[in-house]
Amino acid sequence: MTSESKPAHFLQNIIREDLAEGRVSQLATRFPPEPNGYLHIGHAKSICLNFGLAQEFDGTCNLRFDDTNPAKEEEEYVAAIKRDVSWLGFEWAGDVRYTSDYFDQLHEWALNLIREGKAYVCDLSPEEARQYRGTLTEPGKNSPYRDRSVEENLALFEKMKNGEFDEGQCSLRAKIDMAAPNINLRDPIIYRIKKMAHHQTGDKWCIYPSYDFAHGQSDAIEGISHSICTLEFEDHKPLYDWFIENLPVPARPRQYEFARLNLNYTVVSKRKLKQLVDEKHVDGWDDPRMPTLSGMRRRGYTPAAIRTFCEMIGVTRSDSVVDVGMLEYAIRDDLDKNAPRAMCVLDPLKITLSNYPEGQREVMSAPGHPNREDLGTRELPFTRTLYIEKEDFREEANKKYKRLVLGKKVRLRNAYVIQAEDVVKNEAGEIVEVICSVDLDTLGVDPADGVKPKGVIHWVSAEENVDCEVRLYDRLFDDAAPDAGGKNFLDHVNPDNLKVLTGCKGELGLASAEPEKSYQFERQGYFCRDSKYGTADKPVFNRTIGLRDSWAKEQNK
RNA sequence: UGGGGCGUAGCCAAGCGGUAAGGCAGCGGGUUUUGAUCCCGUCAUGCGUAGGUUCGAAUCCUACCGCCCCAGCCA
């Protein structure tokens, strides 16, 4: 820890004290996803918190699939979640756990409650149960089945377990208090009938424990000391504690809540994400525009950047909406330091160097990174015809425009200074080529006349380059809060969230770019080769994020 | 109008009775063969509001206001 380290957040303080005062001997946390969808940036916050705390305090963190609802869960998600957690850079303690590993024990404990008169089989239908539950302001009424004998409950629960009842026909409920102001305490359902196979336990069960009954006890079984969840579970804590106190569990875990992540211009609800996929607004869960970890990975986000972001935003109990600008800062910061540089012309304009012999070829050497010698050098063939960016040339411009202007000079990055001498236009009047002269005495030095060109532009040989496709992504939504209030988030999908450019010309080295490995295309942004589309000789590059652009800002003034 | 939370700058967030950290964004300037990076400076007389206690209050007390969560046999 350095003297400039971040101040501790409330959970770090709680843990430090618990450890110091001996309330817990070793920190044990867990990340408990339900395998019913893909992990997204919001989960990353929880993952970084739970695994990060374990690392910081020399404790352990388990990966536990909270799989109590076979109707919604699938093995496919289990695999994807494991992969994403590993990708983020974390290692869970021991084997992957499943709440379903504890179904036998949980069933035993349910029997325990029944024997002590603290649980009963209720025959109320779901609709009737809702009516008996009361409302936020009115107390509920006791179920007519609340006072069945222990023997009858035992027999009925056994029948439930044996599949002798239909789904919804009855349920096992904890006997707590139908008049409790906290609705979670109004005799919550702890076991329900679901006659379906489970991805882990197959056909062994037709009754499944509820989240409330399973979670705390699973924590206890695993010896979790601090069970960290999001704010909406705070009302469940009294119930969490009630089970722990009324059952012979091997440990006393404690629940703590923190605020989930909200990001502007983004939706992170599995339902909405799924809708974007199903209605083809995006090309799958791993579409680079998605805030899923798999989408971000394909987009070029790095685990380190996501971890930094989670560190930046802090951990508190107040609802907040983080500006995506912070996420963008985190990825730019990482990639600026670590991504090798390359040149790629997105919108090519041909340049012919009139005083450079036809057939002549030189090889320019350029650093892999301006201040990372360990990233080596790259070789750039330089020829009579080149491509530059269309927007980097103007026939006339004011002094603020620091690029190539007719009659003026500009530096070709990592190469010579050139001057635009003439323009070739097609019948439509569009510029199709610029004739330039090159000053061969300017490699690494300013022109002899001492006048240093103000601008530097990127280029690529027109004769030797990699033809590629580049996909420019913009934010998925054009509204800062697409799902706020009564808004339909689909009405705010940004129509310009993807621009596909073909015929882009990249420097030769890009042909061997590995998928998901980041490059900075100088003067433009950070890109990585797509892992799904493209061919060996025609790669597709995804733009992760553009460079900060003060020129664009200047022009918008 | 039941219960549980939360209000510090445009955003995130420290602070826990001694006179408002830090980051993102913004703004101004410097360096630069990336209009990037980097560097420097600037950015709350104010902590939801109103009272009160105190030599002193974002921190304590009182009242009020606003926002979020809870009535799945979802998690």
Side-chain angles (χ1 to χ4, degrees), chain A residues 4 6-9 32-34 36 66-69 71-73 122 124-126 129-131 133-140 167-173 180-186 188-194 207-208 210-212 214-215 229-238 257 259 264 270 311-330 332-333 336-337 341 343 366 370-371 400-403 410-415 417 442 444-446 452-458 520-525 546-555:
Chain A
E4 301 131 47
K6 284 200 66 166
H9 56 68
E34 180 185 15
N36 69 341
D66 211 346
D67 56 351
T68 57
N69 187 353
K72 296 188 173 181
E73 300 150 7
C122 178
L124 251 23
S125 69
R130 176 160 39 79
Q131 283 164 1
R133 193 154 34 231
T135 68
L136 293 178
T137 52
E138 305 156 29
E167 286 187 19
Q169 194 176 143
C170 57
S171 63
L172 184 69
R173 298 227 253 164
N182 180 341
I183 292 182
N184 294 121
L185 263 16
R186 318 238 266 228
I189 272 89
I190 61 180
Y191 259 97
R192 71 288 212 208
I193 299 168
K194 280 185 185 291
I207 54 172
Y208 293 92
S210 64
Y211 163 84
D212 286 309
H215 205 94
C229 61
T230 45
L231 253 24
E232 67 270 29
F233 289 100
E234 179 148 39
D235 287 346
H236 293 245
K237 184 151 56 183
E257 312 83 22
N264 60 13
K270 284 176 191 169
E311 195 64 35
M312 283 172 72
I313 59 177
V315 179
T316 68
R317 292 177 58 87
S318 37
D319 281 309
S320 58
V321 181
V322 175
D323 192 316
V324 285
M326 277 214 228
L327 217 208
E328 297 177 346
Y329 171 84
R332 281 197 186 103
D333 190 49
D336 171 61
K337 290 180 174 69
R341 314 279 115 132
M343 293 197 284
N371 34 44
K400 281 188 173 176
Y401 186 79
K402 303 196 298 184
R403 307 178 186 186
V410 78
R411 163 138 246 148
L412 293 180
R413 183 150 170 84
N414 298 127
V417 169
T442 54
V445 295
D446 289 338
K452 184 177 184 171
K454 283 199 312 276
V456 179
I457 64 174
H458 60 280
Q520 182 196 94
F521 286 0
E522 292 187 287
R523 299 213 308 135
Q524 293 182 129
L547 251 28
R548 267 175 75 213
D549 191 352
S550 60
W551 168 239
K553 207 176 289 175
E554 175 72 26
Q555 287 176 304

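The model shown is predicted, which means the values in this text are computed figures rather than measured ones. Naming: A, B, ... by sequence-line order, numbering from 1 per chain.
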Name all residues meeting the side-chain contact (heavy atoms from CB on, under 4.5 Å) criterion together with [X]; count only those two or more places apart in sequence or in a different chain, and write none if there are none.
X: A:D235; value: A:N182, A:N184
X: A:V417; value: A:K409, A:R411, A:T442, A:P447, A:P453
X: A:R403; value: A:E391, A:D392, A:Y401, A:I457, A:R523, A:W551

Charged N to carboxylate O below 4.0 Å: is that the case for [X] and [Y]?
X: A:E554; Y: A:K400; value: yes
X: A:K337; Y: A:D333; value: yes
X: A:D336; Y: A:R341; value: yes

Between [M] and [N], how far apart are the [atom1] atoms? Round to whole Å, please.
N: B:rA9; M: B:rA20; atom1: C1'; result: 11 Å
N: B:rG18; M: B:rU59; atom1: C1'; result: 11 Å
N: B:rG29; M: B:rG22; atom1: P; result: 23 Å
N: B:rU33; M: B:rG28; atom1: C1'; result: 25 Å
N: B:rC60; M: B:rA25; atom1: P; result: 33 Å
N: B:rC38; M: B:rG46; atom1: C1'; result: 33 Å
N: B:rA36; M: B:rC27; atom1: P; result: 12 Å
N: B:rG4; M: B:rA75; atom1: P; result: 25 Å

Just do the salt bridge (charged side-chain N to carboxylate O under 4.0 Å, His left out) check on A:E522 and A:R413 with the steps written out, would you? CA-CA 9 Å; A:E522 292 187 287; A:R413 183 150 170 84; 2.7 Å; yes
Atom-to-atom span, [atom1] of [X] to [atom2] of [N] - whole angstrom:
X: A:H215; N: B:rC74; atom1: NE2; atom2: C1'; result: 14 Å
X: A:Y211; N: B:rC70; atom1: OH; atom2: P; result: 14 Å
X: A:Y329; N: B:rC24; atom1: OH; atom2: P; result: 4 Å
X: A:K454; N: B:rA36; atom1: NZ; atom2: P; result: 15 Å
X: A:Y191; N: B:rG72; atom1: OH; atom2: C1'; result: 18 Å
X: A:K237; N: B:rC70; atom1: NZ; atom2: P; result: 17 Å
X: A:R130; N: B:rA71; atom1: CZ; atom2: C1'; result: 9 Å
X: A:I183; N: B:rA71; atom1: CD1; atom2: C1'; result: 4 Å

A:A71 to A:K194 - nearest heavy-atom pair and separation: CB-NZ, 4.5 Å
Testing the basics here: between A:P32 and A:H215, what is the closest heavy-atom pair and its distance to 0.1 Å? CB-CE1, 3.6 Å
Want to settle it: does A:G325 or A:C170 sit nearer the 5' end of RNA chain B, counting the closest nucleotide to each? A:G325
Where each residue is assigned the nucleotide of RNA chain B containing its nearest heavy atom, which of A:G455 and A:E34 is assigned the position nearer the 5′ end? A:G455
Shortest side-chain distance from A:Y401, nucleotide among B:rA75, B:rC73, B:rG35: B:rG35
Checking all strands, does [X] fall into the base, sugar-phosphate, or nothing category for heavy-atom contacts under 4.0 angstrom?
X: A:S550; result: sugar-phosphate
X: A:L124; result: base
X: A:H236; result: base
X: A:Y208; result: nothing
X: A:G168; result: base

At less than 4.0 Å, is any side-chain N or O atom of A:R133 found next to OP1 or OP2 of B:rC73? Yes or no. yes
What is the base-pairing partner of [N], counting Watson-Crick and G-U wobble geometry with both distances under 3.5 Å?
N: B:rA21; value: none
N: B:rG15; value: B:rU8
N: B:rC73; value: none
N: B:rG35; value: none

Using the ring of each side chain (for Trp, its six-membered ring), is A:Y211 parallel, tilted or perpendicular to A:H236, with breaks at 30° and 60°? perpendicular
Within 90° of 0 counts as syn, otherwise anti: where does B:rG72 fall? syn
Protein proximity profile, nucleotides 3-16 of chain B - base contact B, sugar-phosphate-only contact S, no contact -, cut-off 4.0 Å on heavy atoms: BSSS----BSSS--
Between the protein and nucleotides 26-30 of chain B, which nitrogen or oxygen pairs come in under 3.5 angstrom?
residue : atom : partner : partner atom : Å
B:rG26  : OP1  : A:K553  : NZ           : 2.7

Going by the side chain to side chain contact (heavy atoms under 4.5 Å, CB included) test, name the single residue among A:Q131, A:R133, A:R130, A:R173 that passes it with A:L124. A:R173
Partner of A:E34 under side chain to side chain contact (heavy atoms under 4.5 Å, CB included), picked from A:N69, A:T68, A:D67, is A:N69
Could you tell me whether the side chains of A:S320 and A:S318 share a donor-acceptor contact shorter than 3.5 Å? no
Say you draw a straight line from CE of A:M326 to CD1 of A:I313; how long is it, rounded to the nearest 0.5 Å? 8.0 Å
Name the pairs: protein N/O against N/O of nucleotides 32-34 of chain B, kept only if under 3.5 Å.
residue : atom : partner : partner atom : Å
B:rU33  : OP2  : A:K452  : NZ           : 2.5
B:rU33  : O3'  : A:R413  : NH1          : 3.3
B:rU33  : O2'  : A:R413  : NH1          : 2.7
B:rU33  : O2   : A:N414  : N            : 2.8
B:rU33  : N3   : A:R411  : NE           : 3.3
B:rU33  : O4   : A:R411  : NH2          : 3.1
B:rU33  : O4   : A:G444  : N            : 2.8
B:rU34  : O5'  : A:R413  : NH1          : 3.4
B:rU34  : O2   : A:Q520  : OE1          : 2.8
B:rU34  : O2   : A:R523  : N            : 2.8
B:rU34  : N3   : A:Q520  : OE1          : 2.5
B:rU34  : O4   : A:R341  : NH1          : 2.4

